[in-house]
Amino acid sequence: MSRAALVTEAIDMNAIVDEVRGRNGERFGAIATFIGTVRNSDGARAVVGLEYSAYDSMATKEMNDILHEALAIAAGAEIVAVHRTGNLAVGDVCVMIAAAHVHRASAFDACRYVIEEIKKRVPIWKHERFKDGGAEWVNAHSLARATPDHS
Amino acid sequence: MSRAALVTEAIDMNAIVDEVRGRNGERFGAIATFIGTVRNSDGARAVVGLEYSAYDSMATKEMNDILHEALAIAAGAEIVAVHRTGNLAVGDVCVMIAAAHVHRASAFDACRYVIEEIKKRVPIWKHERFKDGGAEWVNAHSLARATPDHS
Amino acid sequence: MDITVHVFASYADAIGSDRATVSVPDGATVGDLRTAIAALSKSLPPRPLIAVNDKYATDDVPVGPKDEVALIPPVAGG
Amino acid sequence: MDITVHVFASYADAIGSDRATVSVPDGATVGDLRTAIAALSKSLPPRPLIAVNDKYATDDVPVGPKDEVALIPPVAGG
């Protein structure tokens, strides 16, 4: 069963691959995954950790909408998408998408679509803590500018 | 260190992701993977297992050539590509590519390039065993036809 | 009518709260709400993004006191 | 001169061996070798793919007894 969710615990990569493979991993042949991890720098500034927060109900709904769109692109795919929230350390996995399909092109397309759309649309925010003691909302620089009308 | 190899033992997916992430998994941010598994059917025929064989020295060389081409496409990537040979059961992982990069587009491009080229060029062959008792070289149907000049 | 708005992340920092109440005329739309919300703080953009009932909403969408309204800063998931 | 050719997979089944020796004139090329190899079995294609020293080789590549020559059936990895 395809599913999308916010999670607060660490993301178990093997478990998610096994989940999309199905009980015996025998139906699909091709699994594409994307794993996002917390980087140790943002531009020139050293990052020590960050906190992801979300508008939970809407984020879950958007992620599920995205999943359904991906399943329309790659009919018959099995897709799992999870995004972690809360405090994360450098190196932690923050997001993982796994898409299984009979054909590898469809597995890649579905996986790629889901991560691109998550980045565009899902109401999740990232607050980075820097080694220099500072902290900042990522993208907060656009706060003082006109926000483009996404609607 | 990026690397490509033929392996005879089971492929440990978590270990390969950890390998491209680097010691602390902190440099890259984006990891794209492709995992190929043995399907339970080939067209209408039920598959019970298969054997991959390779021209070992040339397969290893071709896989490393492909890796270097991918590293030219996605400069700074860390890529691991492994292909299993020998007898595999339905559901077993036969090939895995993991590509880590600062940017997800490059991680996806590198991963995709490597699997597409492996399928095209690396001298590995697949002998499928069917539930009906038959066995066949995959693609062996082209044996009696003119082989296109790949050179 | 009074509309309670959920406020997140950098926008919550800007207004100093994760919730705000704005007054708009009965029959107001998301467009009216955006103008009223932008007036809460100079740090907010002139046309902040609004979600109504977990969905991004365009200016023509009507809002009422029973709708769940949220102010959505630029997202940064993934 | 005699050239020993490594033979794999379906082609090995076709000729009944994973190795074959073919005679070609001194100074022969991959093109000459292909013709000689195709004559080994009716089950082989007229222009089978050849690798010389772990590299796919075009017809103009010269071959000698010290080269590692292999006959490459359609690949099916991945």
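Computed from a predicted structure; not experimentally measured. Protein chains get the first letters and strands the later ones, always in sequence-line order, with residue 1 at the start of each.
With a 4.5 Å cut-off on non-hydrogen atoms, B/Lys119 touches chain D through its backbone and its side chain both. In this structure, no portion of B/Glu116 lies under 4.5 Å from any heavy atom of chain D. Only the side chain of B/Tyr52 comes within less than 4.5 Å of a heavy atom in chain D; its backbone stays farther off. In this structure, no portion of B/Ala59 lies under 4.5 Å from any heavy atom of chain D.
Between B/Ser57 and D/Asp54 the shortest heavy-atom distance is OG-OD1, 2.9 Å. The two residues B/Cys94 and D/Gly78 make their nearest non-hydrogen contact at SG-O, 4.0 Å. Nearest approach of D/Pro73 to B/Trp125, heavy atoms of both residues: O-NE1, 3.1 Å.
A 4.5 Å side-chain heavy-atom check between D/Ser10 and B/His127 finds every atom pair outside the cut-off.
In this structure, NZ in B/Lys61 is found 6.5 Å from NZ in D/Lys55, a value given to the nearest 0.5 Å. For the atom pair B/Arg121 CZ and D/Ile72 CD1, the distance stands at 13.0 Å (nearest 0.5 Å).
Among the residues in residues 2-9 of chain D, those with a non-hydrogen atom closer than 4.5 angstrom to a non-hydrogen atom of chain B are D/Phe8, D/Ala9.
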